[in-house]
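Single-structure report; data block below.
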Amino acid sequence: MCGASTRSLVYQRKEGCDVATVEERYQHLEKTIRGYNISADFAQIRAAFEYAQAHHGHQLRRDGTPYITHPLNVAQIIAEMRLDSESIQASLLHDCIEDTDATYDDIAKRFGVTVADLVDGVTKLTRVQYSTMEEEQMENLRKMLFAMSRDIRVILIKIADRLHNMRTMEYQTPEKQRKKAFETMEIYAPIAHRLGMQKIKWELEDLSLKYLDPIGYDEITKAVAAKSEEYMDFMDQVQGEIEHKLQELNIESNVYGRVKHPYSIYRKMYLQDKTLDEVYDLFAFRVLVNTVADCYNVLGAIHDLYKPVLGRFKDYIATPKPNMYQSLHTTVVGSNGVPFEVQIRTYEMHAIAEYGVAAHWKYKQGIQSDDKEHTYEWIRRLLENQEDADAEDFIHSLKVDMFDDEVFVFTPRGDVINLPAGATPIDFAYSIHSAIGNSMVGAKVNGRIVGFDYQLHNGDIVEINTSKSAKGPSRDWMQIAKSSEARSKIRQWFKKERRDENIANGRAAFEAELKHAGIPMSAVVAPDVLERVLKPTSFNTLDELYAAIGYGGYTAQKAVHRFREEVAAHNRAEKAAAEAARIASGEKEAPKPPARTKSEKGIIVEGLSNCLVKFAKCCTPVPGDDIIGYITRGYGVSVHRTDCPNASFAHQKEEPGRWIHVSWGEDVNMSYATSLEVVCKDRNNLLVDISTALSSCKVGVSNMNVRTTSDGFAIFYITIHVTDSGQLGQVMTKLNNISDVKKVTRSAG
């Protein structure tokens with residue numbers, strides 16, 4: 001043996017001990033399973049382990065350990081969730097289809113269709129090519145969520161897989177660390193929360209923060225460690241006071257305290273600009289009891305001991321969260337003036353709070369023992385609502401639907417409806433039924449008439465007024481509605497009822513965006529350009545694209561961005577074809593006039609002297625760009641980049657006598673204005689980060705505008721002054737490195 005500790009699963013990698021450590025890990029897994037399920041199918045579990053070990057063969061992880069250690073650790077996490085034999089087998093096999101020559105059919109034959117379906121549900125769509133990272137992420141999530149809607153164990157295995165990968169992320173490149181941490185924070189932690197798996201959610205958030213903001217993470221963990229002795233004394237004192245009080249009342253209980261986890265502290269510190277000493281309710285105590293009646297008795301005892309903070313009491317026992325979470329929460333102030341939170345729950349509630357769906361989803365001989373099918377109806381609704389959504393909208397809606405901020409409101413009959421925080425009566429109406437939303441003419445909250453944009457609060461009683469003569473939803477509702485379900489149903493209504501109006505509105509928005517980008521309509525309708533843009537989408541004609549823009553299913557900005565790239569590629573191809581034809585025909589290239597070193601604004605215009613020069617605003621060229629000149633009427637020569645749509649080969653053929661060769665002079669020493677378009681995921685302090693990046697590059701900024709979109713993005717239009725394309729490249733790289741910046745392109749001026 002290698003002296004490894006199977007209890008902590010920390011193994012030293014030494015020459016010749018790989019087999020021993022792998023076997024020790026497997027034995028530890030079996031021991032864990034026997035601790036809660038003595039009747040598990042250990043023969044099949046062992047077979048799955050050996051199958052995975054054989055297929056992964058000599059593959060190694062980044063840390064140099066055999067690859068099989070990863071499936072073993074994922075299975076260990078699943079076993080700690082106390083899941084069934086099939087889940088353990090699928091965990092051991094989860095990378096076989098994706099990373100080895102194993103097939104679905106072979107796994108189904110050896111381990112059964114259920115296990116094969118679980119493995120396939122976790123497997124990414126690695127063999128499919130997508131045009132953008134967002135599309136690939138969307139389709140992989142769709143596949144996983146679809147499998148998850150049929151068997152919730154798919155997502156439990158995927159979360160365990162991501163958790164172990166995050167635990168070992170230190171061996172990856174910084175770029176991959178940030179990418180995976182961001183995806184974990186944006187997708188997997190919210191899913192864990194939505195499934196009630198708080199313990200795993202907290203660990204995923206903390207591990208993600210470690211790579212997304214290592215400085216902030218270190219500051220918090222070090223500050224907490226420095227005060228650990230002081231914090232422990234405080235928690236021991238409070239725990240003792242609560243235990244003594246409950247003993248007097250003869251209430252059997254288990255009391256313990258903790259400092260809130262780093263990401264929770266981080267959000268409070270950085271979003272509210274506070275120091276650690278200023279963070280409110282840094283401590284949380286849990287009281288576990290046997291019955292619901294004891295929960296309320298403990299609440300009374302806590303409020304006898306300490307002064308409760310008004311507005312900080314929540315009863316999730318009477319009104320459970322959609323993820324099954326139940327507990328009483330109250331914030332109180334101790335005798336020394338320090339506020340802290342107390343959570344009171346039964347032992348059963350605590351198991352659900354820690355492991356959520358895993359605490360409910362138990363299988364015995366393939367039969368579901370506790371039918372919670374209706375609890376996960378939100379997964380199917382989420383998929384249905386996003387059937388026509390594009391990649392960015394799907395990802396954004398997924399995040400909104402699963403974030404932890406939500407409100408609980410009531411129908412007039414007393415039914416509880418949960419909605420995203422910030423939801424309005426429009427969201428409430430569509431959550432009841434599409435017909436209610438489409439015929440909505442007004443709303444009352446707590447008996448008072450409110451506007452459609454009124455933000456609902458916990459406990460509100462909402463009543464929707466409808467009319468058979470209602471004209472249907474307004475386009476403004478798309479901006480007001482918070483939930484993806486409401487926006488999806490509004491889009492469906494417009495898609496069905498107002499096609500001609502959608503086409504007209506979509507065409508107007510598209511043409512306005514085209515004009516802003518400096519792209520002529522003639523370039524868009526070029527057959528090969530139009531076909532190449534529409535082929536990857538679900539649109540067969542421009543009218544279908546216009547209709548989608550009109551009803552909100554697609555954005556004009558995204559459509560024009562696709563056309564801009566294809567028009568530029570088309571222009572390059574035409575130019576190359578013309579040059580090839582010239583060479584093939586033996587035609588000599590027209591002799592260039594002698595180069596001149598004297599320039600106007602750094603531009604040498606060959607064939608003309610003493611002419612006025614201006615830079616085209618549609619492409620804002622800078623030294624280092626390939627350029628061409630256009631002789632304007634009365635305004636001299638306008639200088640374009642050669643890849644500008646307005647300088648396309650087609651334009652040059654239409655007016656061959658007005659296009660002229662220009663070049664950069666040797667006396668280029670001034671700064672040149674150029675424009676950038678920066679697409680970002682909207683967040684706090686984004687403007688500060690962009691301004692800091694521009695300042696560090698020492699470039700002048702003459703103009704900056706920003707607009708936000710309904711899908712949570714911010715688009716900055718920035719005019720800067722640079723000396724050449726090299727400095728411009730540095731600026732674009734700097735901006736691209738900012739967190740939440742998705743794309744930086746040169747744009748129209």
Side-chain angles (χ1 to χ4, degrees), residues 1-14 16-56 61 63 65-96 107 110-112 114-115 118-119 122 153 156-168 192 197 199-200 203-204 254 347-348 350-366 369-370:
M1 303 296 287
C2 302
S5 167
T6 54
R7 181 174 181 181
S8 62
L9 289 185
V10 175
Y11 294 90
Q12 299 297 319
R13 181 166 164 76
K14 296 181 182 178
C17 78
D18 291 346
V19 174
T21 56
V22 167
E23 181 60 29
E24 287 173 9
R25 290 171 189 255
Y26 177 76
Q27 292 301 327
H28 180 77
L29 171 65
E30 273 204 4
K31 183 178 178 182
T32 303
I33 299 168
R34 292 183 192 279
Y36 70 91
N37 185 9
I38 194 66
S39 60
D41 191 343
F42 290 101
Q44 280 293 78
I45 293 172
R46 179 79 199 192
F49 162 63
E50 291 175 351
Y51 183 92
Q53 187 175 30
H55 278 75
H56 286 296
R61 303 202 80 214
D63 61 358
T65 57
Y67 192 88
I68 188 63
T69 58
H70 170 63
L72 272 170
N73 276 290
V74 173
Q76 181 65 37
I77 295 169
I78 290 296
E80 288 166 3
M81 294 182 194
R82 305 169 75 84
L83 291 187
D84 60 296
S85 298
E86 291 173 335
S87 300
I88 304 293
Q89 293 168 50
S91 302
L92 291 165
L93 300 166
H94 79 274
D95 274 337
C96 284
I107 291 176
R110 291 171 181 249
F111 302 100
T114 300
V115 171
L118 290 174
V119 174
V122 179
R153 294 175 294 178
L156 299 181
I157 296 168
K158 186 61 183 176
I159 287 175
D161 173 46
R162 178 52 60 100
L163 178 58
H164 183 251
N165 280 332
M166 290 303 298
R167 287 174 177 175
T168 56
M197 304 166 71
K199 185 176 180 181
I200 288 177
E203 187 175 356
L204 289 174
N254 183 13
Y347 290 97
E348 181 183 359
H350 181 64
I352 295 170
E354 292 287 289
Y355 291 106
V357 59
H360 272 292
W361 214 265
K362 296 178 181 176
Y363 285 74
K364 291 182 180 178
Q365 298 177 350
S369 63
D370 188 4

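Taking 4.5 Å as the limit, every side-chain heavy atom of Val74 sits out of range of all side-chain heavy atoms of Asp95. Residues Val119 and Phe111 form no side-chain contact, since every pair of their non-hydrogen atoms from C-beta on lies 4.5 Å or further apart. Looking at Glu86 and Asp41, their side chains never come closer than 4.5 Å, going by heavy atoms from C-beta outward. The side-chain heavy atoms of Ile68 and Tyr26, taken from C-beta on, include no pair separated by under 4.5 Å. Met81 has its side chain within reach of Met197: a pair of non-hydrogen atoms, C-beta onward, lies under 4.5 Å apart. For the pair Arg25 and Asn73, the minimum side-chain heavy-atom distance is below 4.5 Å. For the pair Arg167/Ile77, a side-chain contact is recorded, criterion being any heavy-atom separation below 4.5 Å from C-beta on.
Under the rule for a side chain to side chain contact (heavy atoms under 4.5 Å, CB included), the partners of Arg34 that lie at least two apart in sequence or sit in another chain are Glu30, Ile38, Phe42. Residues forming a ring pair (Phe, Tyr, Trp, His ring centres under 6.0 Å) with His55 (at least two apart in sequence, or on another chain): Tyr51.
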ask   = Could you go step by step and tell me if Thr69 and Arg61 meet the side chain to side chain donor-acceptor pair (under 3.5 Å) rule?
value = CA-CA 9 Å; Thr69 58; Arg61 303 202 80 214; 5.1 Å; no
message = Determine whether Asp161 and His70 satisfy the following criterion, side-chain contact (heavy atoms from CB on, under 4.5 Å), listing intermediate values before the conclusion.
response = CA-CA 8 Å; Asp161 173 46; His70 170 63; 2.7 Å; yes
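To the nearest 0.5 Å, atoms CD1 (Ile45) and CD1 (Ile33) are separated by 4.0 Å. Atom CZ of Arg46 is separated from atom CD1 of Ile88 by 14.5 Å, given to the nearest 0.5 angstrom. Atom-to-atom distance recorded for Ile157:CD1 and Leu118:CG is 5.0 Å, nearest 0.5 angstrom. The CZ atom of Arg162 sits 13.5 Å away from the CD1 atom of Ile200 when rounded to the nearest 0.5 Å.
In terms of heavy atoms, Ser87 sits closest to Ile78 at CB-CG2, 3.9 Å. Ala52 and Cys96 get closest at one heavy-atom pair: CA-SG, 3.9 Å. Listed here is the closest heavy atom pair of Ala75 and Ser91: CA-CB, 3.6 Å. Here the closest heavy-atom approach between residue Ala48 and residue Leu92 is recorded as CB-CD1, 4.1 Å. Looking at every heavy atom in both residues, Leu72 comes nearest to Val22 through CD1-O, 3.7 Å.
Not one N or O on the side chain of Tyr36 forms a donor-acceptor pair closer than 3.5 Å with the backbone of Glu80. Checked by atom type and distance alone, the side chain of His350 never pairs as donor or acceptor with a backbone atom of Tyr347 at under 3.5 Å.
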